[in-house]
Amino acid sequence: MQGLMQDVPLTLDRIFGRAESLWSTKRLSTATPSGVARTTYGEWAARTRRLGGVLDDLGISADGRVATFAWNSSRHLELYFAAPCTGRVLHTLNIRLFAEQVTYIVNHAEDEVIFVDRSLLPILWPLIDDCKTVRHVVVMDDTQGKPDVPPLPTDSRIADYEELLAAAAPHPFGVVTDEYRAASMCYTSGTTGDPKGVVYSHRSVVLHSMAAALSDVLGIREADVILPVVPMFHANAWGLCQAAVMAGAEMVLPGADLTPPGICKLILGEGITVAAGVPTIWMGVRPLLAGQPHRLRTLICGGSAVPKALSEAFRHEVGLPILQAWGMTETSPIATVCAVRSERASASEDELADLRATQGLPAPLVDLRITEPDTGEALPWDGETSGEVQVRGPWIARQYYNDERGAASFTSDGWLATGDVAVVSPDGYVRLVDRTKDLIKSGGEWISSVELENHLMAHPDIVEAAVIAVPSDRWMERPLACVVVKPGASMTSEEVIGWLEPLVAKWWLPEAVEFIDEVPKTSVGKFSKKDLRDRFSDRRVP
Ligand code: ADP
């Protein structure tokens with residue numbers, strides 16, 4: 001017997017249409033060099049429809065790739081919907097990739113047009129002749145109020161966003177009837193080899209938005225004012241933009257100023273209730289936010305492990321701990337979120353802090369298992385056994401776009417092998433101990449670099465710490481701790497090791513300590529262990 005419900009495809013038009021009819025008076029703001037620019041969802045929706053008309057006027061193919069090279073802004077949000085709602089595929093380019101990676105991605109995705117912020121044109125324009133399929137470069141002028149803006153190049157490919165929009169007719173949308181059609185794509189940040197393309201469908205984005213809004217996931221509500229500090233080119237700003245549009249939450253988009261004072265000013269001045277960013281962002285913002293009156297209700301953090309000490313500092317000084325989430329570009333990205341389940345709520349503050357330092361519970365509709373990397377055998381959730389995390393679900397990639405390298409990432413029974421290694425508690429909390437490529441194998445046993453870093457960053461004089469493996473004649477690999485000490489403070493190697501001694505097994509203690517000025521960061525602001533490994537590639541220990 002079949003169910004007798006209506007067959008309505010899960011397409012982004014539905015999220016867009018809801019905002020257009022219900023949320024037209026609600027605010028959408030963008031920070032600019034000359035102050036916060038304000039619009040409403042009503043105006044945004046009208047402009048988004050006209051932007052759909054622009055894509056037709058430019059002759060973009062029916063499923064053409066529409067690239068963006070842009071900061072978080074309300075124009076970027078127009079593109080987020082105009083491209084998929086007219087059947088095209090939004091392709092968010094990471095503005096911080098190396099030039100060769102940008103051209104590789106643009107050519108691989110066959111982008112036909114790139115919408116670029118004027119402030120970023122000096123980075124993009126020198127690459128444009130290597131972008132073989134790009135016919136148009138549409139410039140979004142975000143430089144009002146900025147001194148010394150270079151003139152635009154004279155070139156027939158260049159057009160002005162606002163001029164095109166003013167001349168375009170609104171698009172009726174409603175062309176997408178197949179929910180499995182591609183809506184957007186995003187490439188992994190390519191820390192190992194060329195980036196790989198992930199293609200999201202309308203259905204996956206709609207389901208992911210619904211899940212993101214759930215109370216025990218990110219809990220997005222109509223009454224929220226959301227600040228996605230996480231870039232709209234980094235794994236879809238973790239789904240916050242579409243979830244906000246669906247829920248009717250107001251949004252404040254931070255533009256180009258991602259400095260701690262810039263972010264703090266928005267949080268305090270705009271009445272932000274939900275903000276999201278990688279740990280390095282919150283490390284910078286914390287001292288400025290401490291003790292200030294604010295409306296924050298949820299501080300979302302992911303992308304790399306959230307140090308317990310950071311979350312605790314926020315709890316003590318700002319009044320709320322960090323909500324940790326784990327995922328990857330391939331998982332849209334939300335896979336697990338660390339809500340405290342009610343049976344655990346009466347635990348001691350310290351136990352709760354340990355719990356919040358885990359990556360949390362699998363989100364609804366996400367299946368998760370840990371496996372023995374060599375045999376693929378499923379391992380128990382006993383809080384002790386570690387294995388590779390594999391996930392499955394309606395917003396998880398099943399293959400990469402036109403890429404042979406994917407075979408290793410997808411199992412024969414249809415799960416995504418994430419390359420992350422975790423322990424899972426009997427009640428489902430996932431605790432990442434490492435990425436497979438960052439694990440340190442000493443004398444046949446694994447050492448968790450994440451755990452060592454967590455302990456190091458809990459020291460009051462240590463601001464950043466990253467632990468990498470260095471070759472050892474006797475043990476194969478041994479840990480090397482790279483430590484950044486607070487300005488004005490000083491520490492010796494013995495003090496660093498002495499701090500760890502009571503906290504970890506003796507054979508986990510780093511073999512050596514390097515004091516560095518800063519941990520190098522990846523294009524999305526994570527600690528780049530690859531750069532550290534390159535820098536200390538000459539180190540060897542007995
Ligand atoms: P890349 O793989 O190039 O870094 P992603 O942004 O897709 O690009 O990163 C996904 C990876 O980031 C995950 O596989 C995991 O290793 C790491 N990660 C994400 N969130 C967390 C978290 N909360 N704790 C620890 N690691 C995380």
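We count ligands from 1, going down the list as the structure has it; atoms in each ligand are counted the same way. Numbers here are sequence positions counted from 1.
Within 6.0 Å of the CG atom in Asp517, the count of heavy atoms belonging to other residues, nucleotides or ligands does not exceed 12.
Qualifying salt bridge (charged side-chain N to carboxylate O under 4.0 Å, His left out) partners for Glu349, counting only residues two or more places apart in sequence or in other chains: Arg315. Qualifying ring pair (Phe, Tyr, Trp, His ring centres under 6.0 Å) partners for Tyr401, counting only residues two or more places apart in sequence or in other chains: His108.
Counting the atoms of ligand 1 from 1 in the order shown, those under 4.0 Å from a heavy atom of Met328 are 7 (O), 10 (C), 14 (O). Near Gln324, meaning under 4.0 Å from any of its heavy atoms, are these atoms of ligand 1: 22 (C), 23 (N), 24 (N). Of all atoms in ligand 1, numbered sequentially from 1 with element shown, those under 4.0 Å from a heavy atom of Gly303 are 12 (O), 17 (C), 18 (N), 19 (C), 20 (N), 21 (C), 27 (C). Listed by number with element, the atoms of ligand 1 under 4.0 Å from a non-hydrogen atom of Leu432 are 25 (C), 26 (N). Applying the 4.0 Å criterion to heavy atoms of Gln359 picks out, from ligand 1, the atoms 22 (C), 23 (N), 24 (N), 25 (C).
For ligand 1, none of its N or O atoms has an N or O atom of Gly302 under 3.5 Å away. For a threshold of 3.5 Å applied to N or O pairs, the pair formed by Ala305 and ligand 1 contains at least one separation below that value. For ligand 1, the polar-atom distance check finds no N/O of Thr418 at less than 3.5 Å from any of the ligand's N/O atoms. Note: an N/O pair closer than 3.5 Å links Ala325 and ligand 1 by distance alone. Annotation: Thr188 places no N or O atom under 3.5 Å from an N or O atom of ligand 1; distance criterion only.
Judged by distance alone, the side chains of Tyr429 and Gln359 never bring a donor and an acceptor atom under 3.5 Å apart. There is a side-chain donor-acceptor pair under 3.5 Å between Thr411 and Asp413.
Of the listed options Ala422, Ser304, Cys186, Ser304 places a heavy atom closest to atom 26 (N) of ligand 1.
For Gly327, the closest heavy-atom approach to ligand 1 falls below 4.0 Å. For the pair Asp420 and ligand 1, a heavy-atom separation below 4.0 Å is found.
Between Phe314 and Trp282, the two ring planes are perpendicular [angle over 60°; tilted spans 30° to 60°].
Note that CD of Glu453 and CG of Asp438 are 8.0 Å apart. Values are rounded to the nearest 0.5 Å.
In this structure, the ring of His76 has its center no less than 6.0 angstrom from the ring center of Phe233.
Using a distance-only test at 3.5 Å, with no hydrogens or angles considered, a donor-acceptor pair links the side chain of Asn107 to the main chain of Thr103.
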